[in-house]
Each structure stands twice: as C-alpha cells, then as structure tokens.
Amino acid sequence: MCNIAIFLGIAVAIATVVAGHHLISFLVGALLCGIAETHGRCGKSHIGMTAPFAGFNPQMWFKCASAYSGGGLATSYLVGLGIAGLGTLTAVAVSPVVLFIVACMVGLAMFLRELGIVRFKPPQCDVQTHKWWAVEFGLVTAAGMWGAHIGLALTTVITHGGLYPLVLIAFASGLGSGEWILLAFWVGRVVTLWLTPSLSGKSTDGVALSEALSQAAPSFKATAICGLAILCTTCVAVSSTVLIGFGG
C-alpha cells in the first residue's frame with residue numbers, strides 16, 4: 001500500500017508543481033505524511049482495537065471506522081481553519097514567502113531526521129488517547145472520541161515529522177487553502193484503517209495486525225520521506241514563483 005501511495009504521490013506532485021497547482025501538491029504531501037503517521041502509537045492501537053470486528057462483525061467495524069473518521073474530520077478541519085485564519089490575519093505583518101521558506105527549512109530538518117542523518121526529538125504533546133473510553137462510553141462512541149482527539153493533531157503523539165511543516169504551510173496559505181491541508185493530513189491517517197478488511201481478512205487478532213504494522217516501519221518511513229520531500233519542493237516552488245513575480 002505504501003509503495004503504491006509513494007508512486008502515485010510523486011507522479012501527482014510533479015505534475016501539479018509543473019502545472020503551477022501548488023495546493024494540490026501540498027495536499028498530496030499532507031496525505032502521504034498522514035499515511036506515515038498511521039505507524040504511530042495511537043494509529044496502531046486504534047486499528048488493532050477495531051480491526052477484529054472486520055472479520056466477525058463488519059457492521060460494528062463500519063460504525064467504528066465511520067465514527068473515528070468523522071470525529072477526526074471535524075477537529076482537523078477546525079484546527080486547520082484556526083491556523084489558516086491566523087495566517088490570513090497576520091499576512092500583512094509576516095510575509096507568506098518567509099513562512100514558506102521557514103516551512104521548507106523545518107521540513108528539511110524532518111527529512112534529514114527520517115533519513116537518520118540527524119537525530120532529535122521534536123517538541124510535542126506526548127499524550128495518547130484513553131483506552132478506557134471504550135468501556136465507559138461504548139466502542140463506537142469511543143472511536144469517535146479517539147478520532148476527534150487525534151484530529152487535533154497538535155495535542156497527541158507525533159512519530160514522523162510531517163505535521164510540523166504542514167502547520168506552517170497551512171498558516172502561510174491562509175483561509176481557503178490552509179484548512180484543507182490539515183484535513184488531507186487526517187485523511188491520510190485513516191486510509192490504513194479503511195483498508196483493514198483487506199489487511200486482516202477474517203482474522204480477529206488485533207494484536208497481530210498491530211505487530212504487522214510495526215514490522216512495516218520501513219515502508220511508513222519511506223512514505224514520510226516522500227511526503228516531506230514533496231512539501232519542501234513545493235514550498236521552494238511557491239516561494240520562487242512569488243519572488244519572481246514580485247521582481248517582474
């Protein structure tokens with residue numbers, strides 16, 4: 001799955017950058033970074049808890065997957081809207097070109113980190129969702145709450161670094177574009193969840209699926225590297241276009 005996503009992502013990103021459709025390229029990069037983040041602690045845990053239902057109770061699995069996706073869609077859109085709105089309000093004081101350049105530098109740092117060239121732990125809110133929500137509120141409601149929490153993006157665990165340049169890109173892009181970038185990141189995070197039936201078949205062993213996702217770490221890392229490369233390249237393209245236009 002990751003290899004297909006990488007191939008398609010690179011192809012679409014190259015085509016859209018050449019054509020000048022930078023937002024689409026940003027969305028592709030965000031989507032790939034989101035897919036990579038499935039490999040995080042919360043992503044593996046949530047898939048492992050809901051996956052068994054795909055084998056013996058597909059209706060329950062569909063309800064959980066829908067609740068999880070819907071909760072995250074709502075919060076990720078609101079977070080993206082807030083970040084993009086702040087970017088629009090401060091655009092007069094801070095040039096978007098500067099922000100895109102900074103986003104590129106942050107993305108490059110994360111890119112080098114994923115390659116293992118540099119090592120550091122990015123600042124983050126190292127908080128996971130609560131498993132006991134499933135006992136207190138029922139699995140479907142808990143799935144919606146888990147998705148809503150993870151959709152906030154900035155208040156949970158980040159395994160790969162794509163979120164950091166994405167926040168700056170959303171801020172620099174402003175309203176009308178920025179909110180969709182964070183939403184694309186979330187959509188990437190739930191792609192693997194919706195592929196659970198094809199990944200697990202009739203298996204009811206959620207732990208085994210979580211372990212399988214852990215063993216696929218190199219593929220998820222490659223997806224993150226590809227997503228970060230697309231984000232950095234597009235930031236350079238946007239900045240160059242604006243500067244050339246200004247100079248002309």
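Both backbone and side-chain heavy atoms feed into the values below; hydrogens, waters and symmetry mates do not. None of the values given here were measured: they were computed from a predicted structure. Numbering starts at 1 and runs along the sequence shown.
Listed by chain and number, the residues in a side chain to side chain contact (heavy atoms under 4.5 Å, CB included) with S173 are F100, I169, S177, I181 (sequence neighbours excluded). Looking at residues two or more places apart in sequence or on another chain, you find a side chain to side chain contact (heavy atoms under 4.5 Å, CB included) between M60 and F53, N57, C64, V140. Residues satisfying the side chain to side chain contact (heavy atoms under 4.5 Å, CB included) criterion with V157, sequence neighbours excluded, are R41, Q124, D126, Q128. Remark: L182 pairs with L163, A170 by the side chain to side chain contact (heavy atoms under 4.5 Å, CB included) rule, at least two apart or across chains.
Under the 4.5 Å side-chain heavy-atom criterion for grouping Ile, Leu, Val, Met, Phe, Trp and Tyr, V236 is not connected to V238 through any hydrophobic cluster. The cluster map of Ile, Leu, Val, Met, Phe, Trp and Tyr, joined by side-chain heavy atoms under 4.5 Å apart, puts L81 and L89 in different clusters. Tracing side-chain contacts under 4.5 Å through hydrophobic residues (I, L, V, M, F, W, Y), one never reaches I83 starting from L78; they form parts of separate clusters. Linking Ile, Leu, Val, Met, Phe, Trp and Tyr whenever their side-chain heavy atoms come within less than 4.5 Å puts L31 and L23 in one cluster.
Residues F220 and E37 fail the side-chain proximity criterion, which asks for heavy atoms closer than 4.5 Å. Between V106 and V167, the closest side-chain pair of non-hydrogen atoms is not below 4.5 Å.
Residue L228 comes nearest to G107 through the heavy atom pair CD2-O, 4.1 Å, listed as atom of the first residue, atom of the second, then distance. Looking at every heavy atom in both residues, L166 comes nearest to A30 through CD2-CB, 3.6 Å. Closest approach of P165 to L231, counting heavy atoms only: CG-CD1, 4.2 Å. Across A229 and F111, no two heavy atoms sit closer than the pair CB-CE1, 4.0 Å. Scanning all heavy atoms of the two residues, the minimum distance from G162 to C33 falls at CA-SG, 3.7 Å. Pairing each heavy atom of S239 with each of I101, the nearest pair is OG-CG1, 3.8 Å.
Side chain of T88 to main chain of A84: a donor-acceptor pair is present (N/O by atom type, distance under 3.5 Å, no hydrogens or angles). No donor-acceptor pair under 3.5 Å is formed between the side chain of S240 and the backbone N or O of A237. Between the R189 side chain and the I35 main chain, no donor and acceptor come within less than 3.5 Å of each other.
Among residue pairs with one or both ends in residues 160-183, those qualifying as ring-ring contact (aromatic ring centres under 6.0 Å, His included) are Y77-W180; sequence neighbours excluded. Residues in residues 62-75 take part in these side-chain hydrogen bond (donor to acceptor under 3.5 Å, both in side chains) pairs, two or more places apart or across chains: H46-Y68, S69-W194.
In this structure, K221 pairs ionically with E114, as a charged nitrogen and a carboxylate oxygen lie closer than 4.0 Å.
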